[in-house]
Amino acid sequence: MNKLLEVNNLSTSFYTHVGEVQAVRNVSFTLGKGEALGIVGESGSGKSITMMSIMRLLSENGKIKTGNIIFDGKDLSSYTEKEMEKIRGFEIGMIFQDPMTSLNPVLKVGEQLIEHLIKHTKINSTEAKGKAIDMLKLVGIPSPEKRLDQYPHEFSGGMRQRVMIAMALICSPKLLIADEPTTALDVTIQAQILELLKDLKQKLGMSIILITHDLGVVADICNKIVVMYGGTVVETGSKRDIFYNTKHPYTLGLLRSVPNAKSDIKDKLIPIKGTPPDLLNPPKGCPFTPRCEYAMKVCNEAIRPETFVISQGHEAACWLNHNMCNIKIVSPKEVALDAREESITRSK
Ligand code: SF4
């Protein structure tokens, strides 16, 4: 596999008036060229902060404490702010949950696309306008010439997200990071945006990192999944590993809380009880202990669970995978994959 991104032992903290919030702790993962990686977890699991650390978009009180970030052979951890400006939007594109926070409401969509393109490339305004029209066409916006002259508020939520995708991709980045890109949209539009991302990934051959709390969303696009909890990576594997050979109780909890197309109407979703750990004072043992139905005496002790290698590319940080442990997790038989596939088929 040709690596595009390598994150090694990344730890990021925020320094607040009540103390140090350890938002990301020793996170490592890799992403290959043309690969799609899903980072999944609840709010506060550290998934968005991991991406903000990669893009170096942390707030003033945030600091990368340890680790390095190698992107396309370059160590971004040593880059100055000026050098990072050339990476953001040009080599790495980003889209967020709410396009209105990223689009300027007082500038026409065309002006924003063209300005972005001219800032990062050497082309003139006529060429930039042509490229902006092509990009709007590519993301499925009808009458792009006319739409260039409109303001963001004249677009529906789904169309605005398409504009954001056009903006993120107009400079042909090698990597697109999408942070909860469909959360604010209704289910039908969600499915359309996911289909669009999948289609663009194939057409443009770029890599994607999709950040979401919904395992059903990553099932559509991603071939590799990283599950985060309490600022740490708890399980990594292929889509098949995560859905059909689950090796961490938190991943199992996420799977059980996603609707399944084959379940009966009477079947209830099972939420994960309890709340995420306090990152001001993270537990010394396994951070999932208070919420884990499998918790054992060792889980509460002062050492974090080792990361056990289950098979090539499949790892889980849980004592249940120790060869001395005879308790086994049972993967749900029918999972969100089916639910999502059916919802996409229905929306077409
Ligand atoms: Fe549960 Fe223990 Fe595994 Fe943590 S290490 S997930 S508490 S069984």
Side-chain angles (χ1 to χ4, degrees), residues 7 9-12 21-29 37-50 211-216 218-219 222 224-258 268-333 335-336:
V7 175
N9 281 318
L10 177 73
S11 294
T12 299
V21 178
Q22 298 174 47
V24 170
R25 290 176 291 148
N26 297 102
V27 165
S28 300
F29 61 86
L37 169 80
I39 302 192
V40 188
E42 295 164 293
S43 301
S45 59
K47 53 193 194 309
S48 295
I49 300 301
T50 300
I211 301 167
T212 176
H213 61 278
D214 182 351
L215 265 171
V218 293
C222 304
K224 191 170 166 185
I225 298 171
V226 169
V227 182
M228 286 190 71
Y229 183 75
T232 65
V233 172
V234 294
E235 189 164 2
T236 309
S238 68
K239 184 160 72 178
R240 200 133 276 280
D241 295 331
I242 297 293
F243 281 86
Y244 294 104
N245 190 24
T246 317
K247 291 294 177 192
H248 196 285
Y250 177 63
T251 313
L252 182 70
L254 289 178
L255 285 168
R256 282 179 179 159
S257 56
V258 177
K268 285 190 184 149
L269 296 180
I270 307 169
I272 306 172
K273 289 193 183 122
T275 51
D278 176 9
L279 297 180
L280 262 173
N281 195 8
K284 297 270 183 299
C286 172
F288 194 53
T289 311
R291 305 172 77 184
C292 180
E293 62 192 271
Y294 294 89
M296 304 166 280
K297 194 163 166 274
V298 63
C299 307
N300 239 337
E301 288 172 2
I303 39 162
R304 294 252 301 276
E306 282 170 38
T307 298
F308 294 91
V309 177
I310 315 297
S311 58
Q312 201 192 350
H314 187 193
E315 296 180 350
C318 169
W319 290 121
L320 291 173
N321 300 295
H322 194 289
N323 57 14
M324 300 289 280
C325 181
N326 51 18
I327 306 167
K328 294 287 165 246
I329 296 177
V330 181
S331 286
K333 284 194 224 110
V335 287

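Numbers here are sequence positions counted from 1. All ligand and atom numbering here is 1-based and tracks the order in the structure. Being a predicted model, the structure only gives us computed values, none of them experimental. Values below: all heavy atoms of this structure, side chains included; hydrogens, waters and symmetry mates excluded.
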Taking atom types as modelled and ignoring hydrogens, do the side chains of Glu235 and His314 form a donor-acceptor contact shorter than 3.5 angstrom?
yes

With a cut-off of 2.8 Å, which protein N/O/S atoms are close to atom 1 (Fe) of ligand 1, if we only count those under it?
Cys292 SG

Tell me, with the steps shown, if Arg291 and Glu42 meet salt bridge (charged side-chain N to carboxylate O under 4.0 Å, His left out).
CA-CA 13 Å; Arg291 305 172 77 184; Glu42 295 164 293; 3.1 Å; yes

Stepwise, does the side chain to side chain contact (heavy atoms under 4.5 Å, CB included) test hold for Met228 with Ile39?
CA-CA 7 Å; Met228 286 190 71; Ile39 302 192; 3.9 Å; yes

Please check if the side chain of Lys328 supplies one atom and the backbone of Cys325 the other of a donor-acceptor pair under 3.5 Å.
yes

Look at the aromatic rings of Tyr250 and His248 and report parallel, tilted or perpendicular, splitting at 30° and 60°.
perpendicular

Chi angles and distances behind the side chain to side chain contact (heavy atoms under 4.5 Å, CB included) call for Thr251, Tyr229:
CA-CA 9 Å; Thr251 313; Tyr229 183 75; over 6 Å; no

